[in-house]
Amino acid sequence: MPNPYPKPNHNLIVTLTLKPHFEPQKGLQTCEDQCVIVECSMAKRLNPIGVENTEENRRRYRQLLFTADQRIDSCIGGVIFFHETLYQNTDDGVNFAKLIKDRGIVVGIKVDKGVVPLAGTNGETTTQGLDGLSERCAQYKKDGADFAKWRSVLKISETTPSELAIFENANVLARYASICQQNGIVPIVEPEILPDGDHDLKRCQYVTEKVLAAVYKALSDHHVYLEGTLLKPNMVTAGHSCPTKYSSEEIAMATVTALRRTVPPAVPGKILVCVYNRKNSRSGMVSVCNNRAASDLIEQHIQKLNHYVIMDKLLAETRFCECIKSVRSASGIWMS
C-alpha cells in the first residue's frame, strides 16, 4: 500500500517555521472578524465609537493594529487574517501581510465560511467552506499565509451533540486539514464545544472526549499528517447555567484528562484559549477567574505529556485589539 500522507518533510518544515514565532511570551492576535459576518462583528467595535462600518474604516482599524510600535513584537507571534484583510494595504501602499511578516510575525487565514444548520438534527450545525477551498488555499499560500483556521461548533443538551453532528463536523475538519496540507498550509483544527447550557463538568468532559476521539479518527481516515497540524480545543467547563460551581483544580484536571485520553502524542501543539468575559456580572467574572487559574494549572500538569501546549489568554481591556498573551514555556518546549 503506497504512503497516503503528504510529503512529511514539507509539512514539517512549515510547522517548524511557525514554531519559533510561538515562543515564550508570544501568542496569537485574531483579526479574522468572524468570517461571513465580518460586517456585524466589526460593527460591534466601530458603532460604539461613532465610526461607520465601511471597508475603508475596517482597513484603517486594522492598520492601527498592525502599525503599533515595536512593543507588540515581543508578545504577538502570529496574526489570523480574514480574506478581506489579506488583500488590504496601509496608507503607504504596503500590503498588510508583508507588513506583518517584516515584523517577524506569521500570517494565518481563516478559511471557513461560517456555520449552517445541519438538517435532521435538533438545531445543530456544520461548517461550510469546503467548496473551492483547495484553490483558495493555493492562492492564500502564494499571498503569504502559512497557517489556517477552521472552526466547527457543537453544543451540549439532553439530546446533543448527536452522532450525526459529531461525525459530520469531524469529517469536515479532517477534509479541511487535508486540503490545507496539500497546499503547504498548517491547519489549526478547532472543534469547539459551546459552554452554553446547564450541563455539569463531567458531562462536558465526556462529550469533549467523544468529539476529540471522532476528530482524530477522521484525521487518520483522511491521511492527515498529524505532525503538521495544531489543535484548538475548548476548555472542559460546566455550562454557564450549571448550578454547581467547580474549582480551578477540577476544571484543569478535567481538561487535561480529556486531552490525555484522546490527542495523539504526534500532535505538536494545542491552543487553549481562556476568554475574558466582557460582561460586568459577578458570576461571569468568577467564572473567568476560575478559567484563568485553570489555564495555569493545565500548564503545570501538561508538562508530564510528550507534546507541548499553546496557552492563550485574551486581553479584552482595549477596544481596538484582542491580543492573545502567552504564558511561560514548559520543559524547554515552545508554548504560547
Side-chain angles (χ1 to χ4, degrees), residues 3-22 26-36 38 59 62 65-66 76-90 93-114 127-152 171-190 218-219 222-232 266-269 271 310 334 336:
N3 180 9
Y5 295 101
K7 294 181 179 179
N9 289 341
H10 176 71
N11 285 290
L12 187 58
I13 289 173
V14 176
T15 303
L16 293 176
T17 300
L18 292 178
K19 178 175 175 178
H21 296 278
F22 299 103
K26 288 193 176 183
L28 290 173
Q29 177 183 348
T30 60
C31 297
E32 77 276 16
D33 303 317
Q34 298 304 308
C35 131
V36 294
V38 55
R59 185 198 66 81
R62 293 158 182 154
L65 302 182
F66 303 152
I76 297 179
V79 178
I80 304 174
F81 280 19
F82 176 64
H83 177 88
E84 177 182 280
T85 317
L86 189 63
Y87 299 102
Q88 289 180 328
N89 302 323
T90 65
V94 180
N95 179 260
F96 281 162
K98 182 179 186 305
L99 177 68
I100 289 297
K101 284 198 165 188
D102 288 346
R103 303 189 69 161
I105 300 173
V106 183
V107 173
I109 182 74
K110 184 176 176 70
V111 296
D112 71 73
K113 294 188 175 181
T127 304
Q128 60 184 352
L130 289 178
D131 291 346
L133 180 59
S134 182
E135 292 78 9
R136 285 190 289 130
C137 282
Q139 188 61 50
Y140 290 149
K141 181 64 178 179
K142 293 179 181 178
D143 295 333
D146 290 314
F147 68 99
K149 178 175 174 288
W150 179 291
R151 176 173 176 260
S152 289
N171 278 278
V172 166
L173 282 168
R175 185 73 186 118
Y176 140 78
S178 176
I179 292 172
C180 283
Q181 290 190 341
Q182 290 170 19
N183 290 281
I185 290 179
V186 175
I188 295 179
V189 178
E190 182 183 2
L219 291 173
H222 285 263
H223 310 297
V224 173
Y225 182 64
L226 294 184
E227 289 84 350
T229 66
L230 295 171
L231 172 68
K232 184 175 181 288
V267 179
I271 305 169
I310 307 171
W334 67 275
S336 126

Do you know which two heavy atoms are closest between [X] and [Y], and how far apart they sit?
| X | Y | result |
| --- | --- | --- |
| V106 | I100 | O-CG2, 4.4 Å |
| V172 | L130 | O-CD2, 4.2 Å |
| L226 | P268 | O-CD, 3.3 Å |
| C180 | P187 | CB-CB, 3.9 Å |
| A97 | D143 | CB-O, 3.9 Å |
| Y176 | V111 | CE1-CG2, 3.6 Å |

To the nearest 0.5 Å, tell me how far [X] [atom1] sits from [Y] [atom2].
| X | Y | atom1 | atom2 | result |
| --- | --- | --- | --- | --- |
| I109 | C137 | CD1 | SG | 9.0 Å |
| K149 | D112 | NZ | CG | 7.0 Å |
| R136 | I179 | CZ | CD1 | 9.0 Å |
| E135 | N183 | CD | CG | 8.5 Å |
| F147 | I185 | CZ | CD1 | 10.5 Å |
| E84 | F96 | CD | CZ | 9.5 Å |

Q. Ion pair present between D131 and K113, side-chain N to carboxylate O less than 4.0 angstrom?
A. no

Donor-acceptor under 3.5 Å ([X] side chain, [Y] main chain):
| X | Y | value |
| --- | --- | --- |
| N95 | L86 | yes |
| S178 | R175 | no |
| R151 | K110 | no |

Q. Does Y140 have any side chain to side chain donor-acceptor pair (under 3.5 Å) partners at least two apart in sequence or in another chain, and if so, which?
A.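 Counting only residues at least two positions away or on another chain, Y140 forms a side chain to side chain donor-acceptor pair (under 3.5 Å) with H83.
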
Q: Decide yes or no for V94 and F66: does some side-chain heavy atom of the first lie under 4.5 Å from some side-chain heavy atom of the second?
A: no

Q | Flag side-chain contact, heavy atom, 4.5 Å: V224 against T229 | A | yes

Q: I would like to know whether T90 and L99 meet side-chain contact (heavy atoms from CB on, under 4.5 Å); could you show each step before the answer?
A: CA-CA 9 Å; T90 65; L99 177 68; 3.8 Å; yes

